[in-house]
Novice: 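Mind looking over this structure? Questions follow.
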Amino acid sequence: MTPTQLAERILDILHQLAEAGTAPGVLAGVTQVRVDRPKDRAHGDWATNVAMQWASRAGMRPRDLAEAIAEPLRAVDGIQAVEVAGPGFLNVVLDAAASGAVIPDILAAGDRYGASDALAGTPIDLEFVSANPTGPLHLGHTRWAALGDSIARLLRFAGADLTTEYYINDFGSQMDTFASSIYHRVLGEDVAEGEYPGEYVVQLAQRIVAEHPEVRTLPAPEALALCKEEGYRLQLAENRETLARFRVEFDVWFSERRLHTTGADGQSAIQRAIAHLRDQGHVYDKDGAVWLRTTTFGDDKDRVMIRADGEPTYFAADAAYYLDKRGRGFGETIYLLGADHHGYIGRLKAIAQAAGNDPDELVCLIGQLVSVDGAKMSKRAGHIIELGDLIEWLGEDALRYWLARYPADTPLALEGEKLRRRTNDNPVFYVQYAHARTVNVARHAAEAGVTGDGFDASTLTHPTEEALIARLVQFPDVTGHAAALREPHRVARYLEQLAADYHRWYDQCRVVPLGEAPIEAVHHSRLLLNEAAEHVFRIGLDLIGVSAPERM
RNA sequence: GCGCCCGUAGCUCAGCUGGAUAGAGCGUCUGACUACGGAUCAGAAGGUCGCAGGUUCGAAUCCUGUCGGGCGCACCA
């Protein structure tokens, strides 16, 4: 019996009590019973506070209501004991056989254990990273890459119809600055003030010269155009490759230029977006510029869409991009933004409302910035740490795991030396080692003739077994919450707890009998428990984009 | 000035959207290997959950205020 099944039984009992008139009718209105694993094992295998939550509405004392539930609950098959404790908790102890019965279910579910269809329905768009193609990906992007990809995996695991998307800012003045920076390097000059000083620009220039020697002698406008397009192509390809190495893939690479080019109707997507918003009555002209009245929707100030010089702003492109997404059928659009962009939330939500949509369908997830060993990194400061270098230095597993194990809204420090260590300090190795151990145990079991045939859950009675099973059973709840809240760190933290439970069990219970001791049902049963743990480690690690090595 | 995020063990951080005696790792101290990998396990010490009010059976969690730290407030992208 799983806690979910237990919760259903308790719900049934409440409804029956209400129906039979032995308890107040309001209890028929209970729709959900939450069952938790108590911290203190003296409080049973599972506990619920439902009696305390509903006692006042039912006009009963919490302990009386709890007792009313406890009585029929004791008669349920698989339940060993039910106790009313403290102010009105219901503490439930299950039979070992009933607890362990979940093991074959986990194995039967295979890679789908923990998956659901909870988020099935409206298509969701998730945009993240979206770094400018004018330079390599750096530390500031790594967190969103890891987090965004893990969120994507979680949402899909929960049944979401999800599209991941990378918005390429390949339009506007920074592309000209980029081109000009490269061109200076092509000519062997230093870059000008305000241009990109990085060494990577020199390398881009060298590659462009190698492939297009004529760039040196072309008239400046043509040479600049060549530098821009070739630099763009090379840099984007490199960033894409780096992300792939980081196990981050996108379904859609969306070019900002698409929003500026005129279509068959002679209008650009931006112009169409402005026209649409104007129809809604939220656009006005002032001081030679075109404005969106975002203050109607709680923004601090109205925003310019077309500047006085006729150029559309970045904000206008944002609006057009948003409308493009909606036009592609997405009901929910999620943006992963750094803390330094949180000022955008108000205006983005204003766009959604001005377009006539529910602002709650435009979700902004804000993450705090990352530092390395205390030193904050930003592109402007010139001190750039590239994602590619980080991967090489720490390995993609350690890096992805570390970035995934903290909630997005906590500041995060990359402790490089710790991440390079292959010890208990480093949680990714702790978890991966536990997985490797499951594989190792299975290998020894196979050699010794422990097959798993004759599985009998009632033999799994050791406290460490009971704890390990209880942990495995909680996995679907963890993935469900992690997906609903878009919080992959829950999975990582769970895996660390699972690893601790697994190591404790390994320390206490042998799958392969010692020496000449006979193979008994308990050994076969333990082998399947071991396999169930292996499954959950593998599934969980995959959800955060970390490998599950069989040997380390 | 306005807005968002964060203040939990010596350090780095969890705390399942209100539950029972606030947890983990590291660090410190003490133990466990002729047996499935010791990259492991057992135990000890370590706390005014920034501070002050409020909500209620019950608050680290929710509300208000306050102090401290980070970030943001463009006809830039």
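As the structure is a prediction and not an experimental result, all values here were calculated from the model. Chain naming here is simple, since letters A, B, ... match the order of the sequence lines and numbering starts at 1 in each.
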Novice: Is it the case that the ring center of A/H260 lies less than 6.0 angstrom away from the ring center of A/F171?
Specialist: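 Ring centroids of A/F171 and A/H260 are less than 6.0 Å from each other.
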Novice: Contact class for A/M175 vs. all strands (heavy atom < 4.0 Å): base, sugar-phosphate, or nothing?
Specialist: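 The answer is nothing, as A/M175 stays clear of every strand by at least 4.0 Å.
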Novice: Would you kindly give the CZ-to-C1' distance between A/R510 and B/rC41, to the nearest whole Å?
Specialist: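 Atom CZ in A/R510 sits about 15 Å away from atom C1' in B/rC41.
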Novice: Under 4.0 Å between a side-chain N or O of A/Y506 and OP1 or OP2 of B/rG38?
Specialist: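 Result: yes.
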Novice: Contact class for A/R504 vs. all strands (heavy atom < 4.0 Å): base, sugar-phosphate, or nothing?
Specialist: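 Sugar-phosphate contact only - A/R504 comes under 4.0 Å of backbone atoms but never of a base.
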Novice: By the 4.0 Å heavy-atom rule, please label A/C364 as base, sugar-phosphate, or nothing.
Specialist: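 Nothing: the residue A/C364, judged by heavy atoms under 4.0 Å, touches no strand.
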Novice: Given B/rC5, B/rA14, B/rC16, identify the nucleotide with an atom nearest to the side chain of A/R34.
Specialist: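 That would be B/rC16.
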Novice: How about A/F128 and A/Y166: are their ring centroids closer than 6.0 Å?
Specialist: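 No, the ring centres sit 6.0 Å or more apart.
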Novice: Over 60° means perpendicular and under 30° means parallel, so tell me whether A/F537 and A/Y502 are parallel, tilted or perpendicular.
Specialist: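 Perpendicular: the ring planes of A/F537 and A/Y502 meet at over 60°.
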Novice: Would B/rU30 be called syn or anti, given that syn covers angles within 90° of 0?
Specialist: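 Judged by the O4'-C1' to base torsion, B/rU30 sits in anti, the angle falling more than 90° away from 0.
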Novice: Step through it carefully: locate the ring centre of A/F475, locate the ring centre of A/Y494, and say whether they are under 6.0 Å apart.
Specialist: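 Ring centroids of A/F475 and A/Y494 are less than 6.0 Å from each other.
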Novice: For A/D340, which contact category applies under a 4.0 Å heavy-atom criterion: base, sugar-phosphate, or nothing?
Specialist: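 Answer is sugar-phosphate: A/D340 comes under 4.0 Å of backbone atoms only.
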Novice: Within the structure shown, what part of the strands sits under 4.0 Å from A/A317 by heavy-atom distance: base, sugar-phosphate, or nothing?
Specialist: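 Contact class for A/A317: none.
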Novice: Can you find a donor-acceptor N/O pair under 3.5 angstrom joining the side chain of A/H342 to the base of B/rG3?
Specialist: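 Check passes, donor-acceptor contact within cut-off.
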Novice: Less than 6.0 angstrom separating the ring centers of A/H341 and A/Y344, yes or no?
Specialist: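 Yes; A/Y344 has its ring centre under 6.0 Å from that of A/H341.
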Novice: Of the listed nucleotides (B/rG23, B/rC41, B/rC75), which one gets closest to any side-chain atom of A/K39?
Specialist: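 So the side chain of A/K39 is nearest to B/rG23.
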Novice: Using a 3.5 Å limit on both pairing distances, list the dot-bracket string of RNA chain B from the 5' end; Watson-Crick and G-U wobble pairs count, crossing pairs take [ ], interstrand pairs take |.
Specialist: (((((((..((((.....[...)))).(((((.......))))).....(((((..]....))))))))))))....
Novice: Classify A/H481 by what it touches in the nucleic acid, base, sugar-phosphate, or nothing, heavy-atom distance under 4.0 Å.
Specialist: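 Answer is sugar-phosphate: A/H481 comes under 4.0 Å of backbone atoms only.
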